[in-house]
Amino acid sequence: MLIEEKSSLVREIEEFVKLYGKKRSSLLPILHELQNKYRYISDFAQQEIARQLGIHPVEVYGVISFYSFLNTEPKGRNLVRICQSVTCDMHGKENIVKAIERELGVEIGGTTKDNKFTVEYANCLGLCDQGPAMAVNDRVYFNLTPEKAVKILNEAK
Amino acid sequence: MEIQKTIRKGSVIFSSYEKGSAIKKIIGLPREDILLELKTSKLKGRGGAGFPVSTKWMLTAAAIEDEKYIVCNADEGEPGTFKDRVLLTEYTELALEGMIIGGYTIGAKKGIIYLRGEYEYLMKPLQKKIEEYKNENLLGKSILGNEEFDFDISIFLGHGSYVCGEETALIESLEGHRGEARNRPPYPVNQGFMNKPTAVNNVETLATIPHIITKGAEWFAQFGTDKSSGTKLLSISGDCEKPGVYELPWGTTIKEVLELAGAKNTKAVQVGGASGICLNKTQFDRKLGYEDAGTGGSIIIFDESRDMLQVLKNFMEFFVEESCGQCTPCRIGNVKLLEGVKMIENGDFTFRYLEKLKELAGTMQVASKCGLGQSSPNPFLSILENFKDEILNSVPGGNYER
Ligand SMILES: Cc1cc2nc3c(=O)[nH]c(=O)nc-3n(C[C@H](O)[C@H](O)[C@H](O)COP(=O)(O)O)c2cc1C
Ligand code: SF4
Ligand code: FES
């Protein structure tokens with residue numbers, strides 16, 4: 001990471017600490033902000049958050065590793081999460097997954113070469129009456145067909 | 001959001017309600033009166049455990065501390081459950097007002113909505129609603145002119161962990177830690193968020209309360225059964241013509257639910273989501289209720305074409321993934337049960353080993369630290385028992401195609 005990038009990240013974390021307060025319970029909201037913006041939380045960011053909140057970096061890492069929405073390695077620009085839970089599975093999840101894998105040329109769990117998509121499984125998205133369902137970033141789509149799912153991804157930036 | 005709105009029918013939650021009317025009614029009332037009303041209503045928690053609301057609030061109210069909290073549990077992660085999403089989307093007022101009434105009753109100045117990360121798209125509309133309530137002095141300082149009652153609501157976003165719906169894991173998460181369940185006692189009502197007395201309630205529980213306040217405990221208790229008063233929101237999905245959220249009185253039979261949902265050729269019904277129990281045809285006369293087939297509201301319907309072993313495998317994979325790993329019965333137990341399912345799938349099992357696994361399941365139910373490990377054996381035990389002819393007795397016992 002460049003020095004300028006580092007110092008701007010430090011300033012950014014300072015702003016978040018100011019916004020949420022210098023307390024342990026601010027950790028998840030701060031991690032959420034960074035995850036949203038950078039799509040991962042780098043080693044440097046982890047150490048800096050720990051320093052500014054006055055906790056051990058291992059604590060920060062422990063929290064990140066616990067929550068499936070937080071990660072320490074960058075993902076694609078768009079995170080596609082297909083529901084694998086029971087009713088979506090009954091209603092054709094498999095066909096959706098196959099179509100997306102074919103179309104994007106990537107296997108579930110992977111990231112496309114152009115870094116545009118990471119495709120993963122999700123557990124129940126709370127849309128079981130309208131499955132199969134998937135989430136692309138923070139938006140959800142349901143009543144999917146393979147054709148519809150691919151079209152949605154083609155429209156993603 | 002393009003989530004469709006339908007006209008919803010139901011006698012309590014979906015009955016008509018005038019915004020703010022419950023708040024107007026309680027402001028100035030002694031808190032004992034509200035607790036008594038709730039006690040008479042016999043309202044029990046809708047999040048799964050079924051603890052009486054009046055008792056939980058009484059304990060929190062009795063704790064002597066200047067800071068207390070009320071938490072709305074909107075972590076809805078149980079596979080097959082989506083009624084809290086519907087409430088938060090279409091009946092936001094009811095959930096907010098339930099929290100305000102709770103704050104007033106237990107003496108909390110702060111309410112927190114723990115919203116699952118998967119529902120992040122509900123953040124903005126919820127915040128907008130909270131602002132609206134502030135502007136109308138239904139939230140904020142001196143609510144409706146009562147100088148002794150300040151109350152604010154904030155939203156905290158979860159990050160994709162099912163176990164964080166468990167109330168002590170939820171509190172750990174709120175405090176910025178890994179969502180690992182705590183030992184009890186102490187209970188959250190005495191030492192919850194920041195070690196202060198905290199009442200954690202499900203969205204639906206909270207959304208029921210404004211109706212009880214405005215229409216009365218007796219009116220509420222006329223619905224349902226003696227031990228399970230009122231109605232329940234059911235999230236119905238699977239093999240049926242009309243999946244969706246239904247409000248039905250407790251005491252409704254599985255058969256009646258199937259008819260309403262337009263289910264045909266039904267072979268199995270999973271009551272209570274992945275951690276619930278799976279019933280077969282001979283059990284469809286059973287009634288929904290705390291005294292019979294209890295449920296947080298999820299009903300998943302399977303018709304004759306479904307492979308119940310695959311259903312069980314899906315559930316067990318979920319638990320292996322979501323166990324927080326803190327205690328051995330759950331961390332290792334779920335892996336062993338899943339292995340057992342795969343052995344059956346491969347035609348590579350002995351009945352003697354399955355008996356051992358059932359014993360292990362029993363141990364998990366008593367020895368796990370939190371509800372996840374205590375209830376994850378439910379589908380394993382009930383599916384293998386209720387569908388044993390399909391799963392165990394109709395196979396040659398060697399490798400076979402599934
Ligand atoms: C693994 C696990 C997950 C849970 N998830 C939820 C949930 O998503 N929503 C909920 O209200 N309760 C959930 N609960 C139950 C809570 O621990 C708690 O009993 C409930 O929020 C209390 O509210 P109530 O009394 O209004 O039902 C869960 C329990 C366990 C063991
Ligand atoms: S039962 Fe499972 S989820 Fe609960 S504390 Fe033990 S390991 Fe964690
Ligand atoms: S099972 Fe897919 S959204 Fe619930």
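Every chain is numbered from 1 and lettered A, B, ... according to where its sequence line falls, protein lines coming before strand lines. When reading the values below, keep in mind they use all heavy atoms of this one structure, side chains included, and skip hydrogens, waters and symmetry mates.
Applying the 6.0 Å contact sphere to NZ of Lys23(A) captures more than 12 heavy atoms from other residues, nucleotides or ligands. Counted within 6.0 Å of CD on Glu147(A), heavy atoms from surrounding residues, nucleotides or ligands total 12 or fewer; the atom is thus considered open. For Lys196(B), the NZ atom is densely surrounded, since the number of other residues' heavy atoms within 6.0 Å is greater than 12.
Looking at Asp239(B), the atoms closer than 4.5 Å to chain A (heavy atoms on both sides) sit in the backbone and in the side chain alike. Using a 4.5 Å cut-off between heavy atoms, Ile300(B) touches chain A through its side chain atoms alone. With a threshold of 4.5 angstrom between heavy atoms, Val86(B) does not approach chain A through any atom at all. Proximity to chain B is limited to the side chain of Asp89(A), based on heavy atoms less than 4.5 angstrom apart. Both the backbone and the side chain of Gln84(A) come within less than 4.5 Å of a heavy atom of chain B. Only the side chain of Met194(B) comes within less than 4.5 Å of a heavy atom in chain A; its backbone stays farther off. Contacts between Asn137(A) and chain B at a heavy-atom distance below 4.5 Å are absent for every atom of the residue. Neither the backbone nor the side chain of Gln270(B) comes within contact range of chain A; no heavy atom of the residue lies under 4.5 Å from a heavy atom of that chain. Both the backbone and the side chain of His32(A) come within contact range of chain B, judged by heavy atoms closer than 4.5 Å. For Glu120(B), the part lying under 4.5 angstrom from a heavy atom of chain A is the side chain only.
Checked for salt-bridge contact, Asp129(A) and Arg85(B) meet the test: a charged N lies under 4.0 Å from a carboxylate O.
Ranking Ser235(B), Cys164(B), Gly176(B) against chain A, the residue ahead of the rest is Gly176(B), based on heavy-atom pairs under 4.5 Å. In terms of heavy-atom pairs under 4.5 angstrom with chain B, the leader among Leu125(A), Ile30(A), Leu31(A) is Leu125(A). Between chain B and the options Ser85(A), Ser25(A), Ala135(A), heavy-atom pairs under 4.5 Å are most frequent for Ser25(A).
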| Step by step, would you call Glu118(B) with Arg81(A) a side chain to side chain contact (heavy atoms under 4.5 Å, CB included)? | CA-CA 10 Å; Glu118(B) 288 83 347; Arg81(A) 301 171 57 249; 4.2 Å; yes

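The shortest distance between side-chain heavy atoms of Phe318(B) and Val86(A) does not fall below 4.5 Å.
If you take CD on Glu321(B) and CG on Asn123(A), they are separated by 4.5 Å, rounding to the nearest 0.5 Å. Interatomic distance, Asn314(B) CG to Met90(A) CE, rounded to the nearest 0.5 Å: 10.0 Å. Atom OH of Tyr119(B) sits about 6.5 Å away from atom CG of Leu127(A), to the nearest 0.5 Å.
Between Cys124(A) and Gly80(B) the shortest heavy-atom distance is SG-N, 3.5 Å.
Of residues 40-58 of chain A, no residue lies under 4.5 Å from chain B by any heavy-atom pair.
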For residues 62-70 of chain A, run the donor-acceptor check on the side chains, cut-off 3.5 Å, and write out each pair with its distance to 0.1 Å, sequence neighbours left out.
unit_1   : atom_1 : unit_2    : atom_2 : d
Ser65(A) : OG     : Tyr61(A)  : O      : 3.3
Ser65(A) : OG     : Gly62(A)  : O      : 3.0
Ser65(A) : OG     : Arg178(B) : NH1    : 3.4
Tyr67(A) : OH     : Ser173(B) : OG     : 3.0
Tyr67(A) : OH     : His177(B) : O      : 2.7
Tyr67(A) : OH     : Gly179(B) : N      : 3.4
Ser68(A) : OG     : Gly160(B) : O      : 2.7

